[in-house]
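Please read the structure below before turning to the comments.
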Amino acid sequence: MKEIFLNGSKLYCRKIIIIIMCFFIIISINVLCSAGFSKNVGYNALGYTEGSEEYKELYTYYYKDGKDTKKAEYEKQGYTIKTNKISEMTKKGNILFLCVTQVFCTLITVVFVYSPLWDLGCKDNNLVKFKHKNKDIFKGLKIGITATIPSLIIFTAFIIGALNSSKMPSALYKFINSYNYSFIDIILKNTKTVGEFSVLQFFLLFLLLLLIPLVAFIAYLLGYKNISLGEKFVYKKKKD
C-alpha cells in the first residue's frame, strides 16, 4: 500500500506538470487560431462629452442585432463616439482549435503517464519471478486512482457548488483539468457557471477523470507482460 501511495504521489506530481504544459498549449493554439480564423461580430462604443476628455463605455453592439440606433442617440446628447471592434473565432476555427488542442494534450498525458508505469510493470515482473514481490496486475490502476484522488476532491467541491447554485465560472474547471480541455468544453457547451451544471454533465466529467487511471492500468499491464508498443510499431514498419 505504501508503494502504491508513493507512486501515486509521483504520478500526481507528473499530472501537475501535464496540466501546466497543456495550459500553455491551449493559450498558444488559441492565439494562432484566433489570428487565422476570426471575424468581427460587433463593437464596444465609447464616448465622451464636451468638457470631459475621458472616454466611458456606453454600450455594446453586435451586427446580428440589426442597425445600430443607439449611436445616433448618444451623438444627439453631445457624445463623441469611438468604437472598439469585437472579434470572435469562427466556427471552423473553433473546431480546429479544439481538435488540435486535445490531440496535443492527450499525447502529452499518455506519454507522461505511460512511460513510468510501463517501467514499473517491467521491473515488478522480474521481482515476481524471483519471489521478491507478489503479483498484482491492478497495481497500475491503483496508482492511477491514487493520483486522481485530488481531482476527485475538486470534482466533489464542484458538485457541492452546483447544489448551492454557485456562480463560479465553468471555465475554471476547464483549466484545472486542462489535459481534457476540449472534451470539457464540448460537454459544458454554453454553461457559464457551476450552478448550471446538469447531472449528465457531471457524469460525463467524471468519466474524463478515468483517463489517467486507465492509461496507468494499461501501461503497467503492458510493462508487466514486457510488451513494448514502440518496438511492435517499428518491427511492423520494417516488415512492411
Side-chain angles (χ1 to χ4, degrees), residues 1-30 88-89 91 94-95 97-114 116-117 136 138-221:
M1 190 67 187
K2 183 179 179 180
E3 183 186 7
I4 290 173
F5 178 77
L6 180 61
N7 282 287
S9 298
K10 290 180 179 178
L11 183 57
Y12 177 68
C13 290
R14 296 176 75 90
K15 182 180 176 180
I16 292 175
I17 296 173
I18 291 170
I19 290 172
I20 293 172
M21 291 180 67
C22 288
F23 174 80
F24 285 106
I25 285 174
I26 292 165
I27 298 299
S28 300
I29 297 177
N30 183 270
E88 189 178 90
M89 196 184 300
K91 186 176 181 180
N94 189 55
I95 292 173
F97 161 66
L98 293 176
C99 290
V100 174
T101 295
Q102 195 57 56
V103 167
F104 275 100
C105 289
T106 300
L107 285 175
I108 289 173
T109 302
V110 171
V111 169
F112 269 70
V113 175
Y114 183 91
L117 269 296
D136 183 4
F138 294 105
K139 181 183 284 188
L141 180 62
K142 294 174 184 177
I143 292 171
I145 292 174
T146 301
T148 307
I149 289 175
S151 296
L152 289 171
I153 294 173
I154 293 173
F155 181 74
T156 302
F158 272 82
I159 292 177
I160 295 172
L163 292 174
N164 290 280
S165 302
S166 172
K167 297 299 180 181
M168 187 184 300
S170 59
L172 180 62
Y173 191 84
K174 296 180 189 177
F175 287 106
I176 290 176
N177 298 278
S178 56
Y179 62 98
N180 276 322
Y181 180 89
S182 298
F183 292 139
I184 295 173
D185 185 81
I186 293 170
I187 291 171
L188 297 182
K189 294 182 179 178
N190 297 320
T191 307
K192 295 182 179 180
T193 64
V194 175
E196 298 174 19
F197 286 16
S198 68
V199 174
L200 177 59
Q201 286 174 322
F202 270 117
F203 175 71
L204 295 175
L205 292 175
F206 173 76
L207 291 181
L208 292 180
L209 293 177
L210 302 180
L211 173 63
I212 287 179
L214 179 61
V215 174
F217 170 67
I218 294 173
Y220 180 87
L221 187 61

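What you find for Cys105 and Ser178 is that their closest heavy atoms are SG-O, 3.8 Å. The two residues Glu196 and Gln201 make their nearest non-hydrogen contact at O-OE1, 3.8 Å. Taking all atoms of both residues into account, the shortest heavy-atom contact from Met89 to Asn30 is CE-ND2, 3.7 Å. Of all heavy-atom pairs between Phe97 and Ile26, the closest is CE1-O, 3.5 Å.
With rounding to the nearest 0.5 Å, the separation of CG in Asn177 from CD1 in Ile212 is 9.0 Å. Considering CZ of Phe197 and CD1 of Ile187, their distance stands at 10.0 Å, rounded to 0.5 Å. One distance of note links OG of Ser166 with CD1 of Ile160; it measures 11.0 Å at 0.5 Å rounding. Note: Asn94 CG to Cys99 SG = 9.5 Å, rounded to the nearest 0.5 Å. Between atom CG of residue Leu98 and atom CG of residue Asp185 there is a gap of 5.0 Å, rounded to the nearest 0.5 Å. One finds the CD1 atom of Ile25 at 10.5 Å from the CD atom of Gln102 (value rounded to the nearest 0.5 Å).
Annotation: Phe104, atom CZ; neighbour count of heavy atoms from other residues, nucleotides and ligands within 6.0 Å does not exceed 12. Summarising the local packing, CZ of Phe183 is surrounded by 12 or fewer heavy atoms from other residues, nucleotides or ligands at distances under 6.0 Å.
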Going through the distances and angles, do Lys142 and Asp136 end up as a side-chain contact (heavy atoms from CB on, under 4.5 Å)? CA-CA 10 Å; Lys142 294 174 184 177; Asp136 183 4; 3.0 Å; yes

Arg14 vs Val113, test: side-chain contact (heavy atoms from CB on, under 4.5 Å). Steps then yes/no. CA-CA 8 Å; Arg14 296 176 75 90; Val113 175; over 6 Å; no

Where do Leu211 and Asn180 land on the side-chain contact (heavy atoms from CB on, under 4.5 Å) test, with the steps shown first? CA-CA 9 Å; Leu211 173 63; Asn180 276 322; 3.7 Å; yes

Determine whether Val194 and Tyr173 satisfy the following criterion, side-chain contact (heavy atoms from CB on, under 4.5 Å), listing intermediate values before the conclusion. CA-CA 9 Å; Val194 175; Tyr173 191 84; over 6 Å; no

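Within the 4.5 Å cutoff, the side chain of Leu11 has no heavy atoms near those of the Phe112 side chain. Here the side chains of Ile143 and Leu117 are in contact, with some heavy-atom distance below 4.5 Å. The closest side-chain heavy-atom distance from Ile176 to Phe158 is below 4.5 Å. Using a 4.5 Å heavy-atom threshold, the side chains of Ile20 and Phe23 count as separate.
Note: Tyr220 and Phe138 fail the aromatic proximity criterion, with ring centroids not under 6.0 Å apart.
Remark: the backbone N or O of Thr191 is paired with a side-chain donor or acceptor of Ser170 at under 3.5 angstrom.
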Distance-only check: which donor-acceptor pairs under 3.5 Å involve side-chain atoms of residues 148-157, not counting sequence neighbours?
residue	atom	partner	partner atom	Å
Thr148	OG1	Gly144	O	2.7
Ser151	OG	Lys15	NZ	2.3
Thr156	OG1	Leu152	O	2.8

